[in-house]
Amino acid sequence: MFRLLRTIGPVGVISIATLVIAIVVQPWLGSYFHYIGMLALINAIAAIGLNILTGSAGQISLCNSSFMAIGAYATTYFYTQLGIVYWLSLPIGAILAAACGFILGFPALRLRGFYLAVVTLGFLELTQVLIEQLPDITGGVRGIGSPRPYLFQYKLSNDLAFYYVVLAITLVVIFTAVSLLRSPTGRAFNAIRNNEAVAQTLGIPVARMKIQAFVLSAFYAGLAGGLYSTAVGFIDPLEFGLGTSVRHVIYIVVGGVGSVGGSVVGAVLLTFLPELLRSFKEYNDFVFGGILLVCLLTMPKGLAGLLPKVTGRLWPRSKAVDALGTTVKAVP
Amino acid sequence: MPLGVYVQLLASGLSTGSIYALVGLGLMLAFKGTGVLNFAQGELVTLGAYTALFLSLTTSLPYWAIFILTILVAGVVGIVFERLLVRPLMRAPEFTVVVATLAVGLMIKDALRIAWQESVSSIPSPFADVSVRFGDISINAQYLWVTFCALAIMGMLALFFNNNLAGKAMRAVAQNQTAARLMGIRVNRVFSATFALSSAIAALAGILIAPIHGIEPEMGNVLMKGFVAAVLGGFNSLVGCVIAAFMLGVIETFGGAFFGGLFKDVTAFALLILVLLVRPNGLFGSAEARRV
C-alpha cells in the first residue's frame with residue numbers, strides 16, 4: 001500500500017482523491033453545487049487555454065475571454081440558428097475561436113511584452129464592440145439564450161447531467177494539455193519563454209510555435225466558451241469583458257504559471273471561494289484584484305510552487321546524488 | 001452637408017483627440033521615466049473626474065479652484081501610486097507589471113462603482129453651455145477649451161523638458177538610470193515626480209472630459225485610445241503623440257458621422273495593428289536598438 005502511494009506520488013494521490021470527490025460526492029451535494037461545479041470546470045478549461053499561451057509560451061494575452069466569447073456565440077449560433085447538432089456545434093465553435101487565434105497570432109508575432117499586451121487588449125475591445133454591433137447574430141447588448149442539448153434523445157436540462165458532460169470534457173482537456181506540454185511542442189514553448197534568441201539558435205521555428213500556441217490556447221478557450229453558453233443558458237457581452245480575462249490570469253497566477261494542474265486548482269478554488277464568502281459578492285473585482293496582487297508579490301510560482309515544499313516534508317523522496325555528492329533536482 | 005457641420009465635427013474630433021493625447025502623454029511620460037507601462041492610467045483619469053465631482057459636491061468652490069485642487073490631489077495620488085505599486089514592480093517581468101497595474105485599475109474601478117453606484121454624473125463647467133460663433137458656425141466652448149488645454153500641456157511639457165533642470169533630470173533618468181545616479185540626480189525623487197506629473201495629466205483629462213461624456217466608472221476605457229496615440233507617436237515624442245491623438249480623434253469622429261458607429265470603434269484597433277506592423281516605431285519615432 002505504502003509503496004503504491006509512493007509510486008503515484010503526492011500529486012497523483014491528490015488528483016485521484018479530487019476526482020473521486022468530483023464524481024462520487026457531487027450527486028449528494030445540492031443542485032447549487034452542480035451549477036457552480038460546472039462553472040468551476042469550465043473556468044478550468046479556459047485557464048488551461050490561457051496557461052498554454054501565457055504560462056508556457058510566455059506570450060502575454062489579455063483576450064482569453066474574447067476567444068471564449070467567439071466559442072460561445074459560434075456554438076450558440078450554429079446550434080440554435082442553423083440547427084446543427086450540439087455535439088458538432090461545440091467543436092465548430094472551438095475551431096472558429098482557434099481560427100481567430102491564428103489570425104491574431106500574425107500581428108502578435110512581431111510584438112513582445114507590453115506591445116503584445118496592448119494589442120490583445122485592443123482585440124478584446126474589438127470583440128466587445130463587434131458583439132454589440134452585430135445584434136442579428138449575437139443578440140447585441142441584450143444577450144441571447146442558449147438551450148441545453150440532447151444526448152441520445154435525453155435532454156440534458158438537469159445541471160448534474162450536464163456537469164458530468166463538462167467533467168468528461170475537462171478530463172480530456174487536462175490529459176491533452178498535460179501531454180502537449182510534455183511533448184517536444186511544450187518544451188519548445190518553454191524554450192521560447194525563457195529566451196527567444198536561444199530557442200531560435202536551437203532550431204526551434206519560433207514564429208510557427210508562437211502561432212501554434214495562439215491557436216491551441218484559443219481552441220481551449222473557445223471550447224470553454226461553448227460549454228459556458230450552454231451551462232448558463234444565456235450569454236451577453238458583459239460576460240466576456242476585461243474582468244473575465246483578468247480573472248483567468250488570476251487563476252493561473254494563483255495556481256502556478258505554467259502548470260496545468262495549477263490552472264485547474266486556481267480556477268476551481270477561485271470559482272468556489274466567492275460563492276462560499278457570499279458577503280464579498282459585491283466586491284468581486286476588488287477581492288480578486290487584491291488576491292492577485294498578494295500572489296504576484298509573495299508567491300510568484302503560485303500554489304503549484306508551494307506544493308513541493310509541503311510534500312517534500314511529508315513525503316521524502318530518495319534523493320538522486322551526482323558524482324560530486326550534490327543533490328540532483330528532479331525535473332518537475 | 002453645410003460647411004458648419006464639418007467645422008463642428010472637426011472641433012468635436014479635435015477635442016476627443018485632445019483627451020486621447022492627454023492619456024497618451026501620461027502613459028508615455030511614466031513609461032519613458034520608469035519603464036513601467038501603466039495599465040491603470042485609465043482609472044487615474046476616472047479618479048481625477050471623481051475627485052472633481054467630490055469637491056464640487058462637498059464644497060462650493062468655483063470651477064477654477066476645483067480644477068487646480070483636483071490636479072494637486074492627483075499629483076499626490078501619483079506619488080502614492082509610485083511608492084506603493086510602481087517601485088516594487090520596476091525590475092519585475094513585463095507580465096507582472098501588466099497584470100499588477102491592471103489589477104489595481106480594476107480595484108479602483110470597483111471601489112468607485114461601489115461608492116457611487118452606476119449613476120452618470122457631471123461637474124458644472126463655465127464652458128459647457130457657451131457656444132462660440134464664427135459667422136454662421138457655432139462651436140461648443142468646452143470643445144475649444146479641451147483642445148486648448150491639451151496644446152498648452154504639450155507646450156509646457158516641451159519647455160519643461162528642454163529648459164528646466166528638473167525636466168532635464170527626468171530625461172537623463174529615462175536615458176540611463178545608473179549614469180543619472182552617478183551625476184548626482186536623486187533618481188527615486190525623479191520617479192515620484194514623473195508619476196505625480198503623469199497622474200496630474202490623467203486627472204486633467206478626467207476633468208475636461210466630464211462635461212462632454214459624463215462621469216461614470218467605465219470612463220477609464222479611454223486607456224486604449226491613449227495607447228494607440230502613444231504607439232502611433234512612437235512612444236518617445238510629445239508632438240508625435242499629440243498629432244497622432246488628434247488624427248485618431250478626427251478620423252473617429254468623421255468616420256462615425258459618415259459610416260456609423262461600427263467604423264468608429266474599429267478604427268483605433270485597425271490603426272494600432274497597421275502601425276505596429278508597418279512602422280513599429282510609430283509614425284514619428286526613430287528606430288531603437290534592442291539588446292538580445
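Chain naming here is simple, since letters A, B, ... match the order of the sequence lines and numbering starts at 1 in each.
- Shown here for Glu125(A) and Asn221(B), the closest heavy-atom pair between the two residues is OE2-O, 4.2 Å.
- Test Leu292(A), Leu62(A), Val249(A) against Leu102(B) for side chain to side chain contact (heavy atoms under 4.5 Å, CB included) and you get one pass: Leu62(A).
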Acceptor/donor pairs from residues 239-253 of chain B side chains to any protein atom, 3.5 angstrom cut, sequence neighbours excluded:
unit_1: Glu252(B); atom_1: OE1; unit_2: Tyr20(B); atom_2: OH; d: 2.8
unit_1: Glu252(B); atom_1: OE2; unit_2: Lys225(B); atom_2: NZ; d: 3.3
unit_1: Thr253(B); atom_1: OG1; unit_2: Gly249(B); atom_2: O; d: 2.7

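- With a threshold of 4.5 angstrom between heavy atoms, Val119(A) approaches chain B through its backbone and through its side chain.
- Between Phe114(A) and Phe31(B), the ring-plane angle classifies as perpendicular under the 30° and 60° cut-offs.
- Atom CD of residue Glu94(B) and atom OH of residue Tyr115(A) lie 10.5 Å apart, to the nearest 0.5 angstrom.
- Looking at Leu37(B) and Val118(A), their side chains come closer than 4.5 Å, going by heavy atoms from C-beta outward.
- By the 4.5 Å heavy-atom criterion applied to side chains, Leu293(A) and Met107(B) are counted as neighbours.
- With a 6.0 Å radius and a threshold of 12 heavy atoms from other residues, nucleotides or ligands, Phe254(B) has its CZ atom above the threshold.
- Heavy atoms of Leu242(A) lying under 4.5 Å from chain B belong exclusively to its side chain.
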**OP:** List the steps, then state whether side chain to side chain contact (heavy atoms under 4.5 Å, CB included) holds for Phe95(B) with Val253(A).
**Re:** CA-CA 11 Å; Phe95(B) 173 72; Val253(A) 168; 4.0 Å; yes
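- Of the two parts of Val228(B), neither the backbone nor the side chain holds a non-hydrogen atom closer than 4.5 Å to a non-hydrogen atom of chain A.
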**OP:** Determine, step by step, whether Val99(B) and Ile250(A) satisfy the side chain to side chain contact (heavy atoms under 4.5 Å, CB included) criterion, reporting the C-alpha distance in whole Å, the side-chain angles of both residues, the deciding distance to 0.1 Å, and the verdict.
**Re:** CA-CA 9 Å; Val99(B) 175; Ile250(A) 300 175; 6.0 Å; no
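- Only the side chain of Phe269(B) comes within contact range of chain A, judged by heavy atoms closer than 4.5 Å.
- The contact between Leu85(B) and chain A is made entirely by side chain atoms (from C-beta outward), counting heavy-atom distances below 4.5 Å.
- For residues 202-216 of chain A, the pairs satisfying side chain to side chain donor-acceptor pair (under 3.5 Å) are Glu196(A)-Lys210(A), with sequence neighbours left out.
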